[in-house]
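In the text below, chain A, chain B and the rest are named by the order of the sequence lines, each starting its count at 1. Predicted, not measured: the structure shown is a model, and the values here were computed from it. Keep in mind that the numbers below use all heavy atoms, side chains included, and drop hydrogens, waters and symmetry copies.
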2 protein chains.
Amino acid sequence: MMRRATIYSIATTVGVSPSTVSRAFSRPEMVKSELRERIVATARDLGYSPNRAARGLATGRTGVIGMLVPDVENPFFPPLIRAVQDAARDKDAELLLIDSELSSTAEQELVDRIRPQVDGLIIASPRLPSKRLHEVLDGIPAVIVNRSMRSLPGVVCDNTPALQEIADHLHHLGHRRIALLRGPRAAWAATHRAKAVRTWAEAKDVELIELRPFEAQFADGRAAAQQVVASDASAVFAFDDLMAAGVISGLSELGKSIPDDLSIVGCDDVLLAQTMTPSLTTVSAPFTELGRASVDSLTELLAGNTPRTVTLPGTPMLRGTVGPARA
Amino acid sequence: MMRRATIYSIATTVGVSPSTVSRAFSRPEMVKSELRERIVATARDLGYSPNRAARGLATGRTGVIGMLVPDVENPFFPPLIRAVQDAARDKDAELLLIDSELSSTAEQELVDRIRPQVDGLIIASPRLPSKRLHEVLDGIPAVIVNRSMRSLPGVVCDNTPALQEIADHLHHLGHRRIALLRGPRAAWAATHRAKAVRTWAEAKDVELIELRPFEAQFADGRAAAQQVVASDASAVFAFDDLMAAGVISGLSELGKSIPDDLSIVGCDDVLLAQTMTPSLTTVSAPFTELGRASVDSLTELLAGNTPRTVTLPGTPMLRGTVGPARA
DNA sequence: GTGAAAGCGCTAACAC
DNA sequence: GTGTTAGCGCTTTCAC
């Protein structure tokens with residue numbers, strides 16, 4: 001397995017200087033087209049591909065974007081990762097993925113570790129206190145996803161209108177007593193979504209039972225089923241789809257059937273919302289746009305500009321878990 | 001935003017030479033402990049973290065592992081990614097994630113692009129013909145996941161005993177006519193799983209209806225529901241959990257209820273298998289071990305050894321989608 | 001045990 | 001348009 005080709009080996013075989021080879025790739029317009037073609041051709045023959053780490057050392061730009069997520073296994077993230085990766089590819093950048101495994105203490109260390117290897121960071125850190133997050137991100141260009149902070153450019157999804165639209169739908173179906181399963185106390189999205197439902201309920205004079213903040217895991221949803229039944233609500237807003245799946249599972253164990261006995265609404269429209277039977281009524285997050293906007297904002301940031309926070313709307317998806325309130 | 005600390009800035013403030021600082025980090029035992037501690041301390045003060053790209057340039061080792069998956073959104077991959085990332089972290093390596101988006105034509109290009117930035121590759125490419133794959137991976141240390149090839153070290157999950165155990169269970173429950181939803185024709189796992197079921201069925205003298213290879217997407221499972229009903233089978237083995245969810249959805253639309261009318265078995269035990277109601281009977285893939293084994297094999301490879309293919313067993317998970325055959 | 005110097009592959013002034 | 005040179009941050013002989 002022979003040594004990989006470099007601009008030097010190409011330079012030698014073509015009979016030009018290394019800088020010309022370099023330019024042929026990074027500033028094609030600066031080298032005469034006939035020469036450039038010869039260079040590119042032999043580069044291909046030699047199986048050359050530029051060493052971006054070396055380029056990064058020289059330019060200060062690595063061409064890699066770091067993406068930090070709290071938990072790859074949470075179904076919210078794969079579509080987001082996909083979207084970011086797509087957008088990054090369009091900008092000729094690679095994706096370094098970091099999973100902090102829900103440990104905010106690890107985040108600082110992780111960020112420090114990768115700092116020199118990335119141009120910037122796209123970070124989803126729902127729980128870390130703003131102040132800490134700000135410290136963690138000190139000195140590294142970063143855009144934060146699904147969370148709004150004054151000090152950092154962000155990309156968020158506004159689910160308020162969609163949630164309220166679904167709420168209206170529930171109202172039409174006769175639901176007058178609704179349970180709300182709050183997400184994690186410290187999570188921006190949880191607060192935001194809860195407020196949307198609360199505001200609506202107050203305006204509509206609907207009874208809203210707020211169940212205490214939960215970790216947003218399937219098991220938490222399952223565990224909440226008891227309380228939902230006890231609350232005597234006929235419909236429930238879960239913080240996200242995963243919790244919604246959890247309540248459904250828990251309710252089913254208690255002999256309740258969906259949507260006949262209770263209506264359930266999730267949020268995000270992740271894969272399992274679509275694959276469960278019946279499929280879940282939820283709010284669809286614009287993953288592709290979120291990803292693209294994140295990368296765009298980061299690009300802006302790297303260019304020295306100051307991107308504003310981007311807000312993208314969720315879309316209501318009326319599906320099988322919502323039905324008329326039981327008489 | 002001041003320039004990041006380097007071994008030089010540390011060297012200056014401590015009053016030693018850059019090489020000593022370098023050694024303090026990469027060969028701690030070579031520098032007197034008192035000095036080393038001073039160096040480490042001021043490094044911390046200055047917020048230093050080593051530039052691994054530079055280190056990579058010097059050593060030829062980047063400290064990053066590339067992971068290529070066909071589709072991050074397929075629920076099989078997030079747990080695998082998580083596991084690989086964990087194992088990589090233990091070895092002090094980062095993860096560069098590449099999603100080929102099911103396009104095998106793109107794979108060559110993607111691999112070439114990242115080749116210089118990674119030490120090696122962990123690749124899940126279920127469909128690319130072996131010969132092509134071998135070419136694509138030419139000259140880059142790689143281990144392949146969930147696929148067995150003579151020319152490449154691999155890590156695979158053997159689901160045969162688990163599937164047959166579940167099949168036995170079905171047999172006890174009275175199932176004598178079983179449908180098999182094959183996965184993608186070119187996929188190693190699909191062939192392997194199909195054989196497991198087929199062999200069992202022949203031995204048990206059970207009627208097996210093999211439905212033509214499908215893409216392993218939810219929609220394909222849904223579309224297969226018709227054929228399942230037409231086949232008059234009382235139980236179905238789906239290629240994977242996603243397809244299983246699909247058939248369930250399709251069957252439910254046709255008025256069939258699970259497991260009363262039909263029993264369904266998936267494979268892999270991805271998140272949605274656990275979150276659906278009823279939860280899916282399936283074979284649990286040892287994600288953590290698969291990830292660790294992949295990284296271990298790659299490490300071996302990088303050390304110049306020739307790792308054998310690792311085979312890890314799946315575990316049967318009897319859950320809610322299997323019941324007695326209808327009389 | 002520590003320092004000096006060369007080099008990893010590339011880019012970017014600066015010359016020509 | 002193209003070549004020369006220095007330097008990005010680090011490791012690694014080779015001296016001392």
Side-chain angles (χ1 to χ4, degrees), chain A residues 2-40 42-43 46-64 92 94 112-119, chain B residues 2-40 42-43 46-64 92 94 112-119:
Chain A
M2 86 182 183
R3 199 162 201 64
R4 298 206 54 72
T6 71
I7 51 169
Y8 291 95
S9 49
I10 298 175
T12 317
T13 84
V14 177
V16 294
S17 88
S19 15
T20 304
V21 177
S22 169
R23 285 193 273 259
F25 289 101
S26 34
R27 285 167 159 48
E29 71 282 1
M30 290 189 68
V31 26
K32 211 161 48 180
S33 59
E34 187 263 343
L35 217 200
R36 171 166 25 96
E37 278 155 26
R38 259 172 62 216
I39 294 177
V40 171
T42 72
L46 268 47
Y48 170 78
S49 74
N51 183 327
R52 311 178 119 226
R55 175 182 294 178
L57 245 201
T59 59
R61 279 290 169 72
T62 63
V64 0
D92 207 51
E94 310 298 338
D112 285 344
R113 271 174 66 83
I114 62 161
R115 194 191 294 260
Q117 353 186 21
V118 300
D119 291 334
Chain B
M2 84 179 185
R3 200 158 199 67
R4 298 208 53 74
T6 71
I7 50 170
Y8 291 95
S9 49
I10 298 175
T12 318
T13 84
V14 177
V16 294
S17 88
S19 9
T20 305
V21 177
S22 170
R23 284 193 273 258
F25 289 103
S26 35
R27 285 167 159 48
E29 71 284 0
M30 289 190 67
V31 28
K32 212 161 48 179
S33 60
E34 187 262 344
L35 216 201
R36 171 165 26 94
E37 277 156 26
R38 259 172 61 217
I39 293 177
V40 170
T42 72
L46 268 48
Y48 170 78
S49 73
N51 184 326
R52 313 178 116 227
R55 176 180 295 179
L57 244 203
T59 59
R61 279 291 169 75
T62 63
V64 1
D92 208 52
E94 311 298 337
D112 286 343
R113 272 174 65 84
I114 63 161
R115 193 191 295 262
Q117 354 186 19
V118 300
D119 291 334

Start and end of the DNA chain C segment that chain A contacts, any atom under 4.0 Å from a heavy atom: C:dG9 to C:dA13
Flag side-chain contact, heavy atom, 4.5 Å: A:R113 against B:R52: yes
Heavy-atom pair with the smallest gap, counting every atom of B:P18 and B:A11: N-CB, 3.6 Å
Terminal axis angle for the helix from C:dG1-D:dC16 to C:dC16-D:dG1, five pairs an end, nearest 10 degrees: 40°
Nearest-0.5 Å distance that lies between atom CD in B:Q117 and atom CD in B:E94: 13.5 Å
Close side-chain approach of B:I114 to B:V64, heavy-atom, < 4.5 Å: no
Sub-4.5 Å side-chain heavy-atom contact between B:S22 and B:S26: yes
Heavy-atom check, side chain of A:T42 versus side chain of A:Y48, under 4.5 Å: no
Sugar-phosphate only, base, or nothing, as touched by A:S19 at under 4.0 Å among non-hydrogen atoms: base
Most 5' of B:S17 and A:Y8 on DNA chain C, judged by nearest nucleotide: B:S17
Heavy-atom closest pair, residues B:I10 and B:A43: CD1-CB, 3.6 Å
Residue-level proximity of residues 21-31 of chain B to DNA chain D when a heavy atom falls under 4.0 Å: B:S22, B:R23, B:S26, B:R27
Boundaries of the DNA chain D segment in contact with chain A, non-hydrogen, under 4.0 Å: D:dG1 to D:dG9
OG1 on B:T20 to NZ on B:K32, rounded to 0.5 Å: 11.0 Å
Nearest-nucleotide 5' precedence on DNA chain C, B:L57 against B:V16: B:V16
Side-chain heavy atoms of B:Y8 within contact of B:V21, under 4.5 Å: no
Of residues 47-54 of chain B, the positions that come close to DNA chain C - non-hydrogen atoms, cut-off under 4.0 Å: none
N/O donor-acceptor pair under 3.5 Å between A:S9 side chain and A:A5 backbone: no
Listed partners of B:S49 passing side-chain hydrogen bond (donor to acceptor under 3.5 Å, both in side chains), at least two apart: none
Separation between CD1 of A:I7 and CG of A:N51, rounded to the nearest 0.5 Å: 10.0 Å
CA sep, side-chain torsions, deciding dist, call: B:I39, B:R36, side-chain contact (heavy atoms from CB on, under 4.5 Å): CA-CA 5 Å; B:I39 293 177; B:R36 171 165 26 94; 5.6 Å; no
Heavy-atom pair of closest approach, residues B:P50 and A:P116: O-CG, 3.5 Å
